[in-house]
Student: 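Have a look at this one before I ask anything.
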Amino acid sequence: MPVHNADIARVFEDIADLLEISEANPFRVRAYRNAARTIGDVRLDLAAAIGSGKEIPKLPGIGADLDAKIHEIASTGTCALLEKLKKQLPPAITELLKIPGLGPKRVKALHEALDIDTLPQLLEAARKGKIRDLPGFGAKTEAHIVEAVQARLGQAKRFKLAVAAQYAQPLAAYLRGAKGAREVVIAGSYRRMKETVGDIDILVTAAAGAPVMERFVKYPEVREVLSKGDTRASVLLTCGLQVDLRAVPPESFGAALHYFTGSKAHNIAIRRLAQDRGLKLNEYGVFKGETRVAGETEESVFASVDLPWISPELREDRGEIEAARRGELPRLVERGDLRGDLHLHTKASDGRSSLREMALAAKARGLDYIAVTEHSQRETQAHGLDSARLLKQLGEIDRLNAELKGITILKGTEVDILEDGSLDFPDSVLAKLDVVVAAVHARFNLPRAQQTARILKALDNPYVSILAHPSGRLIDEREPYEVDMQAVIRRAKARGIALELNAHPDRLDLDDIAARMAKEEGARVAINSDAHSVHDFENLAFGVGQARRGWLEARDVLNARPLAEVRKLLARAEPAAPRRRRARE
DNA sequence: GCCGTTTTCGGCCCGACTGTTTTCAGTCG
């Protein structure tokens, strides 16, 4: 079984959880958590690198001990420390930490006093009233535990960004009507354009917070008020989404916005910089002693630690602070940079709008060109086109191009990559097209080596121009298939093929990490809507958000280029590289 | 467990709210 970075990260998370319950040095616990996060973010496949005898680069927060443990996990899948901890504490106990209100101290107390190690045991004890009498617990805590465990066993999950937006925006508009409210901003992971959000953080500036909190908890969609003070309140909406509201005075706006935008890791890193300069940074401002020296704007907060303003999408402590210090922040791609859209469908396959409607909608949204890329014949459930229907569509495109002004329709297909890596249309058909988007739509469960070989073979087809949704994942629904993404990206780069960043909120594939890998490998990315109706062009904004999280600039994005240039790049398909005999030279 | 132009030892981000307390620990973000 290959060990992925996520597996190593999970071992470290488990160690951190178990150490925490054992009341180990909290800074040691933090070291494991930081390492887990770093490894989860790193783009190099650590186990693969170690397996091939390569040195792994120095990673921040990982010293000699953790480096040795990474090697141990890479070769064995686990590590002796974790196994030792599991003998001292039942591993399932870490589940209890996920119950809101339960931290390491209480979990330890429950384990020692009542022998509770699992969520069902916890629920049973709480229902029987056994918990209220423990020191530090009470009847209210017990009731909360019952609810929280039931919620967790039932659903409790993160919300896709696009879904969260549908609830958050009307709520923010409602709060703008609160007495004394000035700025109302949705901050948190929403502002960082994370693909899913666990909750919504809203920041309000007001001279007095109380009236805003009053209005907040009266919002018609509030199912439950979780907490409420004068400056802070949390509610659960009927849809299950938690919303945290904070109110600060107007002069604290920038500091609070920075604070509540996060990420936590970014904030900690920035605060440390402030500390180095003898400053204290909190949500109310930047302070030298008792004196506020900055905080009205985010720019002033960054300036106080000698940095330029950093875009929210970059604030993950993944190197943005170092890049800012060196003056090497990327000029992130913006929605307005997109000149075209190279993947969309019409009624001819499984779309809901006509080609004419799609073309006019794209034009109305500021695009100069689109590629119509219907499904190929294999996709029968999507009414995929066979060669005859595809060729017939080409005539319709010619007629529309002659008629419509200000928008150009390129001829394309979203052709299936079959199990053996061949394509669902013969080259003779593909040769007639401007854009060939190749996609895996079936056999997601092939072994990693086979899946990788399948996709690499498809990339060697001289007509392929874009690899669609390269990981195949559907957020919260389907895991990505097993594939060597770095090998795929490198082959795409070598062949002049763009990797799609599919902007559909359910996909956002490439994800941020893979998008950044593509950039670093020098491969081009196409931010495509995969629109199935005229409304789906709006999804491009989510794709751009993910691209920005991946540090992409306009120059990295194929469809940020003018049509003439894109045509040149698409035509310049190079012959497949001769297959190398050996892995190493 | 990590880290270092003040340090190889002694630090490690900071504040609000809740519940169980009777002044604060625990948890959360």
Side-chain angles (χ1 to χ4, degrees), chain A residues 12 15-16 19-21 23-39 58-70 79 81 96-110 131-145 148 187-190 192 197-203 209-210 213 217 225-235 242-248 252 255-256 258-287 295 301 305 317:
Chain A
F12 283 171
I15 289 174
L19 281 176
E20 198 166 34
I21 297 166
E23 293 185 286
N25 175 355
F27 298 106
R28 188 179 171 210
V29 173
R30 185 187 296 173
Y32 279 100
R33 293 212 193 284
N34 287 341
R37 201 182 59 83
T38 299
I39 292 162
K58 171 77 186 92
L59 298 169
I62 292 173
D65 182 275
L66 292 179
D67 184 68
K69 286 192 169 71
I70 290 172
C79 99
L81 173 61
L96 304 188
L97 288 173
K98 301 204 169 68
I99 299 301
L102 291 190
K105 298 271 169 43
R106 285 177 174 161
V107 168
K108 182 164 194 270
L110 290 166
I131 289 174
R132 64 183 68 182
D133 297 329
L134 295 181
F137 291 81
K140 274 192 154 176
T141 307
E142 189 178 74
H144 282 145
I145 287 175
S189 45
Y190 178 97
R192 302 200 311 280
V197 300
D199 60 21
I200 292 288
D201 297 292
I202 303 182
L203 172 67
M213 298 300 143
V217 299
V225 179
L226 300 172
S227 71
K228 176 168 167 285
D230 284 348
T231 66
R232 171 178 197 149
S234 294
V235 303
Q242 182 175 326
V243 184
D244 299 334
L245 178 66
R246 287 293 300 257
V248 299
S252 298
H258 179 256
Y259 182 84
F260 294 113
T261 297
S263 66
K264 191 172 178 175
H266 168 92
N267 285 355
I268 289 173
I270 295 287
R271 219 171 279 149
R272 201 171 284 142
L273 294 182
Q275 221 180 21
D276 292 344
R277 289 161 175 75
L279 303 170
K280 186 176 72 168
L281 171 59
N282 60 30
E283 56 264 56
Y284 298 109
V286 184
F287 297 88
V301 173
V305 292
D317 193 24

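Here is the naming used below: chain letters follow the sequence lines, and residue numbers restart at 1 for every chain.
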Student: Counting only side-chain nitrogens and oxygens, does A:Lys69 get under 4.0 Å of the OP1 or OP2 atom of B:dG1?
Tutor: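 A:Lys69 to B:dG1 OP1/OP2: side-chain N or O found under 4.0 Å.
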
Student: Mind checking A:Pro135 for me? I need base, sugar-phosphate or nothing, with any heavy atom below 4.0 Å counting as a touch.
Tutor: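 Nothing, no heavy atom under 4.0 Å.
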
Student: Look for any protein N or O under 3.5 Å of an N or O in nucleotides 4-10 of chain B and output each such pair with its distance, or none.
Tutor:
none

Student: Apply the test salt bridge (Lys or Arg N to Asp or Glu O under 4.0 Å) to residues A:Asp65 and A:Lys69: give CA-CA distance (whole Å), side-chain angles for both, the deciding distance (0.1 Å), then the verdict.
Tutor: CA-CA 6 Å; A:Asp65 182 275; A:Lys69 286 192 169 71; 2.7 Å; yes

Student: Remember a base hit wins even if backbone is also touched, and classify A:Lys264 as base, sugar-phosphate or nothing at under 4.0 Å, heavy atoms.
Tutor: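 It contacts base atoms.
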
Student: Categorize A:Leu102 for me: base, sugar-phosphate, or nothing, with a 4.0 angstrom heavy-atom threshold over every strand shown.
Tutor: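 Touches sugar-phosphate only.
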
Student: Polar-atom pairs under 3.5 Å, protein N or O versus N or O of nucleotides 15-17 of chain B: list them with distances, or write none.
Tutor:
{"unit_1": "B:dG15", "atom_1": "OP1", "unit_2": "A:Lys280", "atom_2": "NZ", "d": "3.0"}
{"unit_1": "B:dG15", "atom_1": "OP1", "unit_2": "A:Asn282", "atom_2": "ND2", "d": "3.2"}
{"unit_1": "B:dA16", "atom_1": "OP1", "unit_2": "A:Tyr284", "atom_2": "OH", "d": "3.2"}
{"unit_1": "B:dA16", "atom_1": "O3'", "unit_2": "A:Thr231", "atom_2": "OG1", "d": "3.4"}
{"unit_1": "B:dC17", "atom_1": "OP1", "unit_2": "A:Thr231", "atom_2": "N", "d": "3.4"}
{"unit_1": "B:dC17", "atom_1": "OP1", "unit_2": "A:Thr231", "atom_2": "OG1", "d": "3.2"}
{"unit_1": "B:dC17", "atom_1": "OP1", "unit_2": "A:Arg232", "atom_2": "N", "d": "3.1"}

Student: Go ahead and name the base partner of B:dT8; Watson-Crick or wobble counts if both distances stay under 3.5 Å, otherwise write none.
Tutor: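 Matched B:dT8 with nothing under the 3.5 Å cut-off.
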
Student: Determine whether a donor-acceptor pair (one donor, one acceptor, N or O, separation below 3.5 Å) exists between the side chain of A:Asp199 and the base of B:dG29.
Tutor: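 Counting by modelled atom types and ignoring angles, no donor-acceptor contact under 3.5 Å is found here.
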
Student: Base, sugar-phosphate, or nothing: which does A:Ala143 touch, judged by heavy atoms less than 4.0 Å apart?
Tutor: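 Contact class for A:Ala143: none.
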
Student: What integer number of Å spans the C1' atoms of B:dT5 and B:dG1?
Tutor: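 After rounding to an integer number of Å, I get 24 Å for this pair.
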
Student: What integer distance in Å separates A:Lys105:NZ from B:dT20:C1'?
Tutor: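 Checked: the NZ to C1' distance equals 16 Å.
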
Student: Pick the C1' atom in B:dT18 and in B:dT23, then give their distance to the nearest Å.
Tutor: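 Here B:dT18 and B:dT23 have their C1' atoms 15 Å from each other.
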
